[in-house]
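The next block holds one structure in the form of structure tokens; read it before the comments.
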Amino acid sequence: MTEKYMFGRPFETDAVVVDVPEAQGALPYGSVSVTDGFCFTYRMGEDDIVYGLGEANRGINKRGFCYVSDCTDEPNHLEDLRSLYGAHNFLVVAGRETFGLFFDYPAAMTFDVGFTRTELLQVTCRRADLALFVLTGESPYDIVRQFRALIGRSYLAPKFAFGFGQSRWGYAAQEEVRGVAEQHRRHHVPLDMIYLDIDYMQDYKDFTISEKGFPDFSALVEEMKQQHVHLVPIIDAGVKVEKGYDVYEEGVENGYFCVRGDGSPFVGVVWPGETHFPDVLNPDARAWFGRNYRRLTEQGIEGFWNDMNEPAIFYTPEGIADAKEELSRFLAREIRGESLWGLKDRLAGLANRPEDYRSFFHRVNGQMVCHEDVHNLYGCYMTRAASEALEEIAPGKRFLLFSRSSYIGMHRYAGIWTGDNKSWWSHLLLNLKMLPSLNMCGFLYVGADLGGFGADTSRDLLLRWLALGVFTPLMRNHSAVGTREQEFYRFERVEDFRHVIGVRYRLLPYLYSEYMKAALGNDLYFKPLAFVYPEDEIAVHTEDQLMLGDEIMIAPVYTQNAIGRTVYLPEDMLFVKFLPDGEISRERLAPGLHFVRVAVNEVPLFIRSGRCIPLADIAESVDEIDTGSLQVLGFEGAEYLLYEDDGESTDCRLEGHCRIVR
Ligand code: GLC
């Protein structure tokens with residue numbers, strides 16, 4: 001059951017798709033104060049677990065830390081970081097009392113989950129203008145499913161998007177792109193996508209193509225498609241300020257950009273230099289921005305990634321002016337250690353300054369809305385712009401689309417990648433733990449930069465990370481310019497990469513089927529063990545293993561130089577290993593703790609008692625997977641209900657699309 005409590009005058013975010021009547025009276029759980037902003041307080045039981053918060057730092061149980069929903073471009077995801085790129089204000093308290101909370105509020109919001117005081121859950125924000133949804137149900141899992149129905153069906157990715165994608169910030173010419181495809185095909189390493197980062201554009205201008213690097217773009221797109229490879233270009237939020245650039249000119253002429261208090265377009269400096277931000281909260285501006293995607297779809301493009309849409313701001317002219325003043329004051333007096341640090345912070349603080357976010361406005365329904373009050377919606381609405389336009393461009397066709405910044409509601413339009421992680425083992429584990437929380441908030445098409453974006457990766461880290469990526473709907477190797485190159489062919493023994501990535505394609509019928517079942521049934525693709533084995537105390541507290549669909553459990557290795565890992569089995573399971581010679585080892589294990597050996601070139605998974613999964617033959621692209629000749633892997637006599645469709649149209653139903661494989 002869902003109840004809705006309204007406070008003040010909330011901004012309509014469109015996160016919720018079901019009409020819930022407003023509840024009267026006191027909240028069933030906790031209490032709210034609106035005397036100084038908004039503050040929700042709940043006294044948790046000692047052993048209560050708190051799930052949710054989607055793209056957030058730390059573990060599956062969010063207890064013991066303080067998180068801030070405030071979409072931020074911060075590339076250092078350290079353990080104490082409170083804000084990432086998304087704002088997913090849904091959580092479930094499970095224990096003494098079990099209930100869910102969704103705070104539909106588009107500005108910064110703080111979730112103190114027993115951090116300041118162990119027993120207190122406190123959710124606070126500056127303005128008491130929001131809708132609070134309170135969900136009750138039989139279990140945390142039941143509550144999550146109800147929440148998913150409340151926010152609407154998750155985005156359906158096209159089937160090709162379940163293949164492997166290679167990316168790197170720096171591919172600047174068609175020869176490089178051809179080279180990437182050629183290396184994969186030559187070494188028989190599967191590939192379905194090559195991502196184009198900002199260097200494909202002319203001077204980082206959205207919807208343009210570098211003439212020097214890509215003199216015949218549409219021919220390249222076609223040539224790649226012949227090889228079953230989709231090119232997926234990036235689109236950034238900021239539109240370059242440049243006389244004569246039509247997107248800029250049109251935006252200015254029609255008032256489609258966010259404005260300062262005086263009505264002039266707001267200027268934020270990002271990759272292209274000075275930019276304006278499309279006012280995607282304004283329906284006309286949104287439709288206009290979206291229409292521009294056609295410039296690329298007309299050249300054969302079928303997928304996009306939307307970036308820098310927190311929106312990220314490196315600095316503003318106003319910020320520079322403030323800093324200059326500070327600097328001259330600093331230079332005018334004696335250098336003291338303390339003020340030097342202050343100055344350093346001040347310069348670092350030029351990026352994503354709260355003052356800047358406070359200084360510009362959106363025009364929504366004839367009202368000027370301060371950006372700060374709707375900050376967390378920007379990436380969501382940029383991506384909605386793309387999705388709505390793509391639906392007009394090709395009605396009923398699925399496009400690959402994912403975004404960096406997001407708010408709940410965006411899950412209906414696209415997926416997300418989890419931004420600028422680092423080539424650190426701890427980030428492999430963070431990737432794993434974030435997955436079920438993202439799913440709870442509706443984001444099913446998700447993945448991290450495999451191998452790590454920032455810092456230099458190592459061969460073993462990349463292989464281990466790929467062995468997790470085999471299971472994430474978005475499987476992409478992406479890295480930053482200036483870091484060690486991390487395409488598989490930069491390392492020795494390419495056969496190990498062929499094997500690990502190849503396993504993805506053998507499992508793809510299963511992974512795609514489970515994805516579609518989860519999306520169409522408002523269910524989870526990744527679940528914490530706690531949702532499947534709620535009576536098993538050890539399972540409930542296990543965070544480095546996940547359930548995937550109804551058949552398997554995954555337990556990747558996430559430490560360097562390990563020969564395997566300890567895994568907890570809540571029930572009898574079949575321990576399966578995809579071995580580098582193409583063989584599959586199977587070992588039935590009893591419930592309890594086991595140490596399992598897993599070499600760096602092996603992919604492990606566990607099949608639940610009495611279940612099985614379909615397995616395809618090796619293929620080098622999604623198109624080439626032969627679903628007509630599937631084997632099954634698992635327990636004797638088990639059956640699997642396989643979902644299949646054309647992988648392209650948005651008109652999907654479970655009925656009539658499932659067949660039993662045994
Ligand atoms: C941002 C993105 C990253 C991309 C880079 C250059 O940092 O998160 O993925 O490579 O910008 O466009």
Side-chain angles (χ1 to χ4, degrees), residues 55 71-77 81 83-86 165-173 176-177 180 193-210 213-214 231-240 268-273 275 277 296 303-315 348 351-352 378-380 382-383 386 400-406 410 414-424 427 430-431 434 443 445-457 465 469 472 474-487:
E55 188 181 33
C71 300
T72 307
D73 172 27
E74 166 55 69
N76 292 305
H77 307 172
L81 189 66
S83 305
L84 289 165
Y85 310 87
Q166 180 59 49
S167 183
R168 179 161 171 97
W169 173 9
Y171 297 157
E176 275 176 88
V177 171
V180 173
M193 282 142 306
I194 298 176
Y195 289 85
L196 301 178
D197 206 318
I198 48 174
D199 308 277
Y200 82 89
M201 299 183 211
Q202 184 66 45
D203 304 322
Y204 307 142
K205 284 184 288 197
D206 277 343
F207 312 112
T208 68
I209 286 158
S210 152
F214 298 87
L231 296 187
V232 185
I234 194 170
I235 301 291
D236 280 358
V239 169
K240 184 175 171 60
V269 173
V270 206
W271 301 124
T275 71
F277 295 131
L296 291 155
F304 297 92
W305 47 310
N306 282 348
D307 190 22
M308 306 305 277
N309 50 5
E310 292 66 33
I313 301 176
F314 296 162
Y315 58 85
N352 311 319
Y378 194 85
C380 167
M382 174 195 177
T383 302
L400 169 57
L401 182 63
F402 57 91
S403 169
R404 192 170 71 178
S405 187
S406 59
M410 198 196 84
I416 48 184
W417 96 99
T418 53
D420 299 346
N421 60 9
K422 292 234 159 58
S423 298
W424 296 343
H427 278 181
L430 180 62
N431 178 188
M434 209 187 275
F443 295 96
Y445 190 77
V446 294
D449 290 348
L450 304 173
F453 173 77
D456 294 333
T457 202
W465 214 328
T472 60
L474 166 63
M475 184 188 188
R476 180 175 79 141
N477 173 346
H478 179 53
S479 57
V481 64
T483 62
R484 180 180 187 179
E485 291 173 303
Q486 64 185 44
E487 295 86 359

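Being a predicted model, the structure only gives us computed values, none of them experimental. We count ligands from 1, going down the list as the structure has it; atoms in each ligand are counted the same way.
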Should the ring pair Tyr445 and Phe402 be called parallel, tilted or perpendicular, given that the plane angle runs from 0 to 90° and is split at 30 and 60? tilted
Taking distance alone, with N or O pairs closer than 3.5 Å, would you say Asp197 contacts ligand 1? yes
Heavy-atom pairs closer than 4.0 Å: do any link ligand 1 to the side chain of Trp417, the backbone, both, or neither? side chain
Using a 4.0 Å heavy-atom cut-off, say whether Asp73 meets ligand 1 through its side chain, its backbone, both or neither. neither
Atom 5 (C) of ligand 1 sits nearest the protein heavy atom Trp169 CE3, 3.8 Å
Identify the protein heavy atom lying closest to atom 8 (O) of ligand 1, giving its residue, its atom name and the separation to 0.1 Å. Asp420 OD1, 2.5 Å
Can you check whether Ala237's main-chain N or O pairs, donor with acceptor, with Asn309's side chain at less than 3.5 Å? no
Please evaluate residues Glu74 and Leu84 with respect to the criterion side chain to side chain contact (heavy atoms under 4.5 Å, CB included), reporting the C-alpha separation (whole Å), side-chain torsions for both, the decisive distance (0.1 Å), and the verdict. CA-CA 7 Å; Glu74 166 55 69; Leu84 289 165; over 6 Å; no
Provide the closest heavy-atom pair for Tyr85 versus Pro75 in the form atom of the first, atom of the second, distance. OH-CA, 4.1 Å
In the structure I gave you, are the side-chain heavy atoms of Leu196 and Met201 within less than 4.5 Å of one another anywhere? no
Tell me which part of Tyr204 gets within contact of ligand 1: side chain, backbone, both or neither, using heavy atoms under 4.0 Å. neither
Side-chain donor/acceptor of Trp305 to backbone N/O of Val232, under 3.5 Å: yes
Is there a nitrogen or oxygen of Arg476 sitting under 3.5 Å from a nitrogen or oxygen of ligand 1? no
Any chance the side chains of Arg168 and Thr483 put a donor and an acceptor closer than 3.5 Å? yes
Are any of the N or O atoms of Trp305 closer than 3.5 Å to those of ligand 1? no
Give the residue and atom name of whichever protein heavy atom lies nearest to atom 2 (C) of ligand 1, and the separation in Å to one decimal. Asp307 OD2, 3.0 Å
Where ligand 1 meets His478 - atom numbers and elements under 4.0 angstrom, heavy-atom basis: 3 (C), 4 (C), 9 (O), 10 (O)
Regarding ligand 1, does Arg404 bring an N or O atom to under 3.5 Å of one of the ligand's N or O atoms? yes
Donor-acceptor contact below 3.5 Å, side chain Asn477 vs main chain Gln486: yes
